[in-house]
Amino acid sequence: MSDEGELQPAPTPATDAEPVADPDPDPDPDPGPVTAPDPATGPDVNGGGQRRTVSDPAALKALAHPLRLRILRHLAVSGPATSTTLAGALGENTGTLSYHLRRLERGGFIEDVPERPNSRERWWRAVRGLDVRRPAQDEMTEGERAVAGALDRMRLDEDIALAERFTEGRAESGGWMRGSRSLSHLTKGEVTEFHDAYLELLARFARGPEDAPPDAKPVLLRWFALPAE
């Protein structure tokens with residue numbers, strides 16, 4: 001399969017690959033693993049090995065704020081940070097950062113770095129090994145559905161910006177921007193199977209900045225599927 005063109009339905013051979021590049025799994029419309037802010041989900045590269053599911057609407061509400069998504073992204077890209085280093089990187093004051101860090105901690109998305117217990121400031125890292133799952137629509141209150149919708153809109157804005165960046169920068173990316181398009185005839189169960197296989201592939205390749213080799217870069221990954229009509 002080449003990197004140019006589009007994969008056609010069988011039996012037409014594959015002819016395309018285009019990047020739609022996050023550990024984002026992201027909340028699915030139906031309950032299913034997603035990559036909470038790009039960072040906080042993915043396999044447990046901090047050594048635990050056990051994955052933990054986060055599906056409580058109150059916890060998911062902690063994600064529905066643009067600054068918290070930026071905090072999680074920074075921790076995923078750059079590794080552990082304090083409220084002071086985050087304030088400098090994100091252009092916010094430490095009081096504001098401390099508040100949002102506490103919200104993310106209560107939601108189970110960040111944690112203390114145990115290797116730095118005696119530091120003058122608390123060091124934070126994104127919790128890994130999370131499956132972030134959105135409750136079914138009929139299990140959420142009207143307010144919770146509004147929060148989920150707000151999070152969707154924030155993520156959509158980012159995804160549109162990423163698609164534009166991909167389109168404009170792929171030719172000069174030196175092979176770092178890759179992706180694929182395709183069409184197939186699948187049952188609902190097969191779509192779920194494909195989704196689960198994608199998450200397994202993410203788990204196979206996911207790691208945090210502390211474990212990455214010198215020539216690695218943080219790479220954003222995306223995938224979605226929907227009926228053609």
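The figures here come from the full heavy-atom set of this structure, side chains too, leaving out hydrogens, waters and symmetry mates.
- Salt-bridge annotation for Arg70 and Glu158: absent, with no side-chain N of the basic residue lying under 4.0 Å from a carboxylate O of the acidic one.
- In the hydrophobic clustering, where aliphatic and aromatic side chains (Ile, Leu, Val, Met, Phe, Trp, Tyr) are joined below 4.5 Å either directly or transitively, Val147 stands alone.
- Between Ala64 and Met154, the closest heavy-atom pair is C-CE, 3.3 Å.
- For the pair Leu183 and His185, the minimum side-chain heavy-atom distance is below 4.5 Å.
- Between Glu105 and Arg122, at least one side-chain nitrogen of the basic residue sits less than 4.0 Å from a carboxylate oxygen of the acidic one, meeting the salt-bridge criterion.
- Listed for the Thr85 side chain is no donor-acceptor partner under 3.5 Å among the backbone atoms of Ala81.
- Closest heavy-atom contact between Ala146 and Arg153: O-NH2, 4.5 Å.
- Considering every non-hydrogen atom in both Ala126 and Leu75, the closest pair reads N-CD1, 4.0 Å.
- Looking at Trp176 and Arg170, their side chains never come closer than 4.5 Å, going by heavy atoms from C-beta outward.
- Side-chain contact check for Arg125 versus Ile110: every heavy-atom pair is 4.5 Å or farther apart.
- With hydrogens and angles disregarded, a donor-acceptor distance shorter than 3.5 Å links the side chain of Thr82 to the backbone of Thr84.
- Atom-to-atom distance recorded for Asp159:CG and Arg222:CZ is 4.5 Å, nearest 0.5 angstrom.
- Counting only heavy atoms from C-beta outward, the side chains of Arg165 and Met177 approach each other to under 4.5 Å.
- Within the model, atoms CG of Leu72 and NE2 of His100 stand 12.0 Å from one another, a figure rounded to the nearest 0.5 Å.
- Taken to the nearest 0.5 Å, the NZ atom of Lys61 stands 11.0 Å off from the CZ atom of Arg106.
- Within a 6.0 Å radius of CD in Glu190, other residues, nucleotides and ligands contribute more than 12 heavy atoms.
- Between His74 and Ala89, the shortest heavy-atom distance links the atoms CE1-CB, 3.4 Å.
- In this structure the side chain of Tyr99 never reaches within 4.5 angstrom of the side chain of Leu101, judged on heavy atoms.
- Across every non-hydrogen atom of Ala62 and Phe109, the tightest pair is CB-CE1, 4.2 Å.
- No continuous path of ILVMFWY side-chain contacts below 4.5 Å connects Leu186 to Tyr198, so the two sit in separate hydrophobic clusters.
- Distance CD1/Ile71 to CG/Leu63: 11.5 Å, rounded to 0.5 Å.
- Residues Trp124 and Val113 have side chains not in contact (no heavy-atom distance under 4.5 Å, counting atoms from C-beta outward).
- Closest approach of Ser83 and Thr94 over heavy atoms only: O-CG2, 4.0 Å.
- Atom CZ of residue Arg68 and atom CG of residue Leu97 lie 11.5 Å apart, to the nearest 0.5 angstrom.
- Contact check for Glu92 versus Leu67: side-chain heavy atoms found under the 4.5 Å cut-off.
- In this structure the side chain of Leu69 reaches within 4.5 angstrom of the side chain of Arg155, judged on heavy atoms.
- In this structure, Thr96 OG1 and Asn93 CG are separated by 3.5 Å, a value rounded to the nearest 0.5 Å.
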